[in-house]
There are 2 protein chains.
Amino acid sequence: MSACLCLAFLLFSVVADATYIPRRSHHLLSSRQNRKTSKSNTELPSHFETRYFPQNLDHFSFQPESYQVFHQKYLINSRFWRKGGPIFVYTGNEGDIEWFASNTGFMLDIAPKFKALLVFIEHRFYGESKPHKLANTLGFLNSQQALADYAILIRSLKQNLTSEASPVIVFGGSYGGMLAAWFRLKYPHIAIGALASSAPILNFDNIVPSSSFYDTVSQDFKEVSVNCFEVIKRSWGEMEVFSTIKDGLQELSKMFRTCKTLHSVDSASGWLETAFIETAMVNYPTPANFMAPLPAYPVGQMCKIMDELPLEASNLERAFAAASLYYNYSGSVTCFDMENHTDSHGLNGWGWQACTEMVMPMSCSNQTMFRPFESDDEKANQEYCLREYGVKPRPNWITTEFGGQRIEMVLKRFGSNIIFSNGLQDPWSGGGVLKNISSSIIALVTRKGAHHTDLRAATKDDPEWLKQQRRQEVAIIEKWISEYYNDLEQEEQAK
Amino acid sequence: MSACLCLAFLLFSVVADATYIPRRSHHLLSSRQNRKTSKSNTELPSHFETRYFPQNLDHFSFQPESYQVFHQKYLINSRFWRKGGPIFVYTGNEGDIEWFASNTGFMLDIAPKFKALLVFIEHRFYGESKPHKLANTLGFLNSQQALADYAILIRSLKQNLTSEASPVIVFGGSYGGMLAAWFRLKYPHIAIGALASSAPILNFDNIVPSSSFYDTVSQDFKEVSVNCFEVIKRSWGEMEVFSTIKDGLQELSKMFRTCKTLHSVDSASGWLETAFIETAMVNYPTPANFMAPLPAYPVGQMCKIMDELPLEASNLERAFAAASLYYNYSGSVTCFDMENHTDSHGLNGWGWQACTEMVMPMSCSNQTMFRPFESDDEKANQEYCLREYGVKPRPNWITTEFGGQRIEMVLKRFGSNIIFSNGLQDPWSGGGVLKNISSSIIALVTRKGAHHTDLRAATKDDPEWLKQQRRQEVAIIEKWISEYYNDLEQEEQAK
């Protein structure tokens with residue numbers, strides 16, 4: 001999830017006509033989106049079948065429109081399942097469900113061991129899971145409705161499979177990880193446990209410092225090379241010069257190899273920022289293609305590119321070369337289209353969520369390698385959201401509904417069976433749960449991990465720390481399941 | 001709560017034009033209601049202040065209408081409170097909040113010991129807490145919205161009192177008890193514990209036998225006197241005769257001292273049933289005035305009245321005399337108005353809830369002292385609700401949202417700090433949690449207790465079992481609070 005970049009990019013695509021830019025409302029996944037929804041470019045993973053489930057538009061009212069039905073997409077893989085065995089459910093987040101299924105190989109990897117059924121449920125209002133009258137019903141796009149969708153779908157599925165005693169474990173990464181954790185907390189009667197990977201559930205209501213996101217990105221670069229950090233930091237000033245000189249935009253466009261002449265220097269800044277932020281997020285230890293195809297540890301690779309340029313190269317040229325890794329690792333791109341972004345993963349909709357419930361304050365200090373900005377105040381954000389979407393945000397709602405404040409005190413005596421996994425390279429990790437809360441609400445933290453690294457498919461080159469993390473997760477899940485079956489047996493005997 | 005009677009009475013008032021009568025959708029509190037809403041006849045208890053809090057109509061969508069505001073009434077008593085001390089919140093149920101405040105003396109009794117603030121919150125769409133456009137917004141009357149109201153109001157209240165670290169305990173009886181238990185389960189970050197008295201949270205989706213309600217009422221009478229049980233059982237047949245003979249309704253009206261000639265024999269049957277059911281519910285060990293003014297252990301008194309009639313009295317005359325205790329304990333009533341019920345506690349609204357989410361299956365076998373009836377099937381209930389309210393019930397929704405199935409298995413490893421108290425004389429006790437689930441999810445069961453007896457104000461004549469039950473409740477609540485303050489201290493020290 002790339003909160004920042006999403007923010008950044010969502011922004012930069014509308015920068016021309018916007019008078020106020022809420023830099024804080026970052027997307028959790030990808031910034032490279034605009035308002036157009038495009039068809040998913042991710043294929044259905046093999047052995048998965050696509051199904052659709054009729055859902056009421058509104059679970060929390062009985063107004064006539066609440067009975068309007070939309071068809072929720074889900075993917076199902078029963079290759080390894082033995083009836084009565086566990087059901088592993090991915091609580092889909094803000095995009096096409098195939099994309100998450102393709103990038104959550106961990107579930108597929110461990111399915112044979114558990115003889116588990118795999119189910120990936122698409123989040124309402126994303127991908128294909130949209131009501132017909134989308135424009136007038138966007139108000140029903142929110143996390144509580146999504147959790148209720150999952151609860152209803154899972155119950156119905158188990159009933160149809162006549163496997164109602166099957167234990168369900170929910171999995172999710174990023175916003176999907178938040179949903180997995182919240183699902184366990186709100187629906188313990190439906191899921192016996194949750195693996196919530198890179199879930200910044202504390203990124204609300206100023207529970208954690210709003211600066212942590214940009215601080216972490218900057219730290220990721222600094223750790224690789226202080227020089228790299230400094231180059232990027234200095235590049236913004238060099239770029240600003242182009243907005244003051246004659247023919248500056250043409251010159252900048254040439255230097256940045258844009259397909260069309262830029263309308264604004266900010267587009268190029270946003271393009272750079274996104275590259276650094278998203279690369280920090282997916283700083284995986286092996287080559288991957290989540291947001292973009294990238295080599296192993298791409299932050300290091302970026303800094304290497306900067307260092308290897310000739311001595312006379314400017315900071316801006318170095319920053320551009322580094323960012324090109326993110327946009328053109330294959331080398332096949334001949335020009336960059338910085339002002340016309342495509343939404344290849346169906347992420348459109350997050351802007352709305354950020355303007356209603358997902359109000360995640362964000363700021364950026366001058367200690368980072370980015371251009372600093374203050375955390376938006378509530379009033380400014382409200383004005384933006386009213387203008388942009390005609391909606392008023394409810395900035396305290398998520399913590400009222402799901403908690404977060406004093407989380408250790410609350411959950412040390414309430415709830416169980418949640419793994420919060422975080423990699424400290426992940427810009428979102430600052431909003432995650434990084435300490436064990438109780439004997440069964442566990443934090444698994446890896447120093448070198450990025451955005452839900454653990455959920456990715458295992459590769460032969462995985463480092464030992466990652467293998468170890470996954471082994472721990474499997475052991476914990478095994479314990480939950482065996483405890484559940486023991487309880488079930490005892491219950492049967494008591495009858 | 002008188003489910004049965006409510007059902008019964010709600011019914012009997014519309015019996016003339018209804019082709020299908022859903023006898024199962026009993027009210028949890030009182031049956032003596034009709035569609036008219038009347039002003040509460042209960043006064044504000046002393047030292048309480050009335051306040052109003054603006055609430056959004058819909059917490060779970062961001063549709064334009066969700067922002068419509070209504071004013072939620074709450075009562076507050078800060079006489080014993082010391083800032084930073086605990087806040088005891090009553091999660092109001094389906095009626096005027098003053099009525100619950102007046103009948104939940106337990107909270108007032110223990111407030112000085114805990115130096116607690118007392119808050120009674122009225123449930124949305126009851127009493128005065130109604131949106132202006134009531135007719136078009138009834139869909140927003142449901143338990144999840146009510147719980148969210150409570151969460152928002154409590155957070156705001158604590159903030160206004162600058163006492164955000166105050167521990168909150170929720171209390172409730174009957175439907176209010178269900179709300180208290182669910183509130184602890186869904187909002188553990190807002191309430192550290194719940195006392196859920198007479199909360200039939202298992203009375204959904206056939207988790208418990210649908211016959212338990214009428215079985216318990218019958219058992220209550222049988223325990224006092226088998227003869228009493230038999231007299232009532234035989235009285236229905238004697239009454240039916242009046243529907244077959246010439247001038248039967250006139251004769252029955254005379255025997256039953258009705259103010260106007262009855263239109264239907266069923267009105268008189270319903271009137272009797274309600275008396276027996278509600279008296280079983282409030283079979284308190286001391287004189288009380290919850291549903292009606294009654295002496296101590298009124299079931300026994302009713303049977304005594306029956307026994308003391310002359311030998312020649314018929315079963316029906318005996319049943320009438322017994323029921324008169326319920327309607328006319330004071331002796332001041334000169335005639336009974338059996339077909340024109342008043343809603344003196346603002347209970348109107350439950351019929352809607354029973355037709356949407358509160359679908360509590362109920363049946364009555366011929367082993368009881370009542371006329372038997374089958375549990376309604378889903379289709380018949382659906383037809384009734386569509387005809388009556390234009391709404392389709394969601395009979396599996398409550399268990400999907402709040403759980404209930406396999407509750408012991410689920411909650412023995414999840415959640416904490418709930419007391420489920422039940423009296424086995426209470427017809428609703430069959431749907432309650434009657435066994436300890438874990439070391440902190442506790443069932444307190446009293447053999448002679450009736451409908452939330454423990455929540456009533458202490459009297460000098462309280463029996464030892466009731467004193468003992470309340471002492472246990474106080475001790476458990478004390479433990480929760482002291483644990484909380486210890487945790488808070490540790491948290492402060494760790495900073």
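By convention in this document, chain letters (A, B, ...) are assigned in the order of the sequence lines, proteins followed by strands, and residues within each chain are numbered from 1.
- Neither the backbone nor the side chain of A191(A) comes within less than 4.5 Å of any heavy atom of chain B.
- Environment of NZ in K158(A): crowded, with over 12 heavy atoms of neighbouring residues, nucleotides or ligands closer than 6.0 Å.
- Residues of residues 134-145 of chain B that come closer than 4.5 Å to chain A, counting heavy atoms only, are N136(B), T137(B), L138(B), G139(B), F140(B), N142(B), Q144(B), Q145(B), ordered by residue number.
- The minimum heavy-atom distance between R406(A) and E164(B), with the atom names listed, is NH1-O, 4.4 Å.
- For E357(A), the parts lying near chain B are the backbone and the side chain together; criterion is any non-hydrogen pair under 4.5 Å.
- Of all heavy-atom pairs between F414(A) and S416(B), the closest is CD1-N, 3.7 Å.
- Residues of residues 478-487 of chain A placed with any heavy atom under 4.5 Å of a heavy atom in chain B are listed by number as E483(A), Y484(A), D487(A).
- For S440(A), no part sits under 4.5 Å from any heavy atom of chain B, backbone or side chain.
- Ring-centre distance between W397(A) and F62(B): not below the 6.0 Å cut-off.
- Contacts with chain B were tallied for N56(A), I407(A), V391(A), L488(A); L488(A) has the most, counting heavy-atom pairs under 4.5 Å.
- For I152(A), the parts lying near chain B are the backbone and the side chain together; criterion is any non-hydrogen pair under 4.5 Å.
- Expressed to the nearest 0.5 Å, how far CD of Q63(A) lies from OG of S66(B) amounts to 11.0 Å.
- For A151(A) against T400(B), the heavy-atom pair with the smallest separation is CB-CG2, 3.8 Å.
- The line from OG1 of T399(A) to CD1 of I190(B) is 8.0 Å long, rounded to the nearest 0.5 Å.
- For R413(A) (side chain) and G415(B) (main-chain N/O), no donor-acceptor pair under 3.5 Å exists by modelled atom type.
- The cationic atom of K186(B) (NZ for Lys, CZ for Arg) does not lie both less than 6.0 Å from the six-membered ring centre of F402(A) and within 45° of the ring axis.
- At a 4.5 Å heavy-atom cutoff, the contact between E65(A) and chain B is made by side-chain atoms alone.
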- Message: side chain to side chain contact (heavy atoms under 4.5 Å, CB included), that's the test. Do Q405(A) and R155(B) meet it? Break it down for me.
- Response: CA-CA 12 Å; Q405(A) 268 116 351; R155(B) 259 193 96 170; 3.6 Å; yes
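- With H189(B) contributing its side chain and G404(A) its backbone, the two residues share no donor-acceptor pair below 3.5 Å.
- Under the 6.0 Å distance and 45° angle rule, R394(A) counts as a cation-pi partner of Y67(B).
- Only the side chain of K412(A) comes within contact range of chain B, judged by heavy atoms closer than 4.5 Å.
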